[in-house]
Amino acid sequence: LQHIRTDTHFVTPYYSIHLDTQLDCILAVDNHKRKFQNMPVDLLNPSPEQEARTHKLKRLVQSPNSFFMDIKCPGCFQITTVFSHAQTVVLCGSCNVMLCQPTGGRAKLTEGCSYRKKVD
């Protein structure tokens, strides 16, 4: 095990984590037993489901949970752009129907409204 060359080394109280670029893998060394073993999870290539579950600041690349969306009014079919975490009641510009109402986090859409994420 001495011949394995590691480029990056992280130390925790129980394990040392080594990034081996020659073998293209991550190895964990038990500090008490001094033996190598493969990591059960690939830390460099997380799955999209795992990235979505992690906190927005602890992702591999930080990204916000919020977005802008186009909401279609169920009465007049006019499209209104709304922030996903709106903190005020949003009304339709032409027919004054309530499109969404605020909650603690994401805004709750009124029944019958449809939305799509706004593309840059």
Side-chain angles (χ1 to χ4, degrees):
L1 297 176
Q2 300 296 331
H3 69 282
I4 297 176
R5 185 178 69 82
T6 57
D7 294 330
T8 307
H9 184 125
F10 303 98
V11 178
T12 65
Y14 300 104
Y15 286 95
S16 299
I17 300 172
H18 301 274
L19 172 63
D20 190 353
T21 55
Q22 290 176 342
L23 298 176
D24 195 28
C25 67
I26 299 174
L27 301 171
V29 180
D30 190 343
N31 287 340
H32 302 292
K33 298 177 185 173
R34 296 286 180 209
K35 68 177 189 177
F36 283 92
Q37 60 188 17
N38 284 334
M39 291 285 291
V41 178
D42 188 5
L43 298 176
L44 294 177
N45 303 309
S47 66
E49 297 84 24
Q50 186 179 4
E51 279 285 291
R53 280 187 278 123
T54 58
H55 189 269
K56 63 183 182 179
L57 297 178
K58 295 188 178 188
R59 294 183 184 138
L60 205 56
V61 176
Q62 293 180 5
S63 60
N65 294 329
S66 58
F67 54 90
F68 286 95
M69 55 186 174
D70 287 332
I71 298 179
K72 187 185 289 185
C73 177
C76 64
F77 302 109
Q78 182 179 353
I79 295 176
T80 307
T81 301
V82 178
F83 187 59
S84 64
H85 291 65
Q87 296 180 345
T88 60
V89 173
V90 177
L91 302 175
C92 178
S94 61
C95 62
N96 284 341
V97 171
M98 183 173 62
L99 299 176
C100 66
Q101 57 188 13
T103 61
R106 286 203 178 144
K108 182 179 178 183
L109 291 179
T110 305
E111 195 170 324
C113 290
S114 59
Y115 79 98
R116 69 173 179 200
K117 285 188 178 182
K118 192 98 166 153
V119 181
D120 294 335

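Residues take their numbers from the sequence shown, with the count starting at 1.
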Task: Minimum side-chain heavy-atom gap T88-P102 below 4.5 Å - done: no

TODO: Answer yes or no: is there a side-chain heavy-atom contact under 4.5 Å between M69 and T81?
DONE: no

[atom1] of [X] to [atom2] of [Y]: how many Å apart, nearest 0.5 Å?
X: L99; Y: C113; atom1: CG; atom2: SG; answer: 5.0 Å
X: Q101; Y: L91; atom1: CD; atom2: CG; answer: 11.0 Å
X: T110; Y: M98; atom1: OG1; atom2: CE; answer: 4.5 Å
X: Q62; Y: H55; atom1: CD; atom2: NE2; answer: 9.5 Å
X: C100; Y: I71; atom1: SG; atom2: CD1; answer: 4.5 Å
X: Q78; Y: S94; atom1: CD; atom2: OG; answer: 4.0 Å

Task: Criterion side chain to side chain contact (heavy atoms under 4.5 Å, CB included) on T103 and H85, from CA distance to verdict - done: CA-CA 8 Å; T103 61; H85 291 65; over 6 Å; no

TODO: Report yes or no: do V90 and V97 belong to one cluster of Ile/Leu/Val/Met/Phe/Trp/Tyr joined by side chain heavy-atom distances under 4.5 Å?
DONE: no

Task: Verify same cluster id: F77, Y115 (apolar side-chain graph, 4.5 Å) - done: no

Open item on the list: Minimum heavy-atom separation for L44 and L60, please, with both atom names.
Closed with: O-CD2, 3.4 Å

Open item on the list: Taking atom CZ as the centre, does F83 end up with more than 12 heavy-atom neighbours from other residues, nucleotides or ligands that are less than 6.0 angstrom away?
Closed with: yes

Open item on the list: I'd like to know if the side chain of R59 reaches the main chain of E51, judged simply by a donor and an acceptor atom lying under 3.5 Å from each other, with no hydrogens or angles considered.
Closed with: yes

Open item on the list: Closer than 3.5 angstrom, by distance alone: can the side chain of S84 be matched with the main-chain N or O of F67 as a donor-acceptor pair?
Closed with: yes

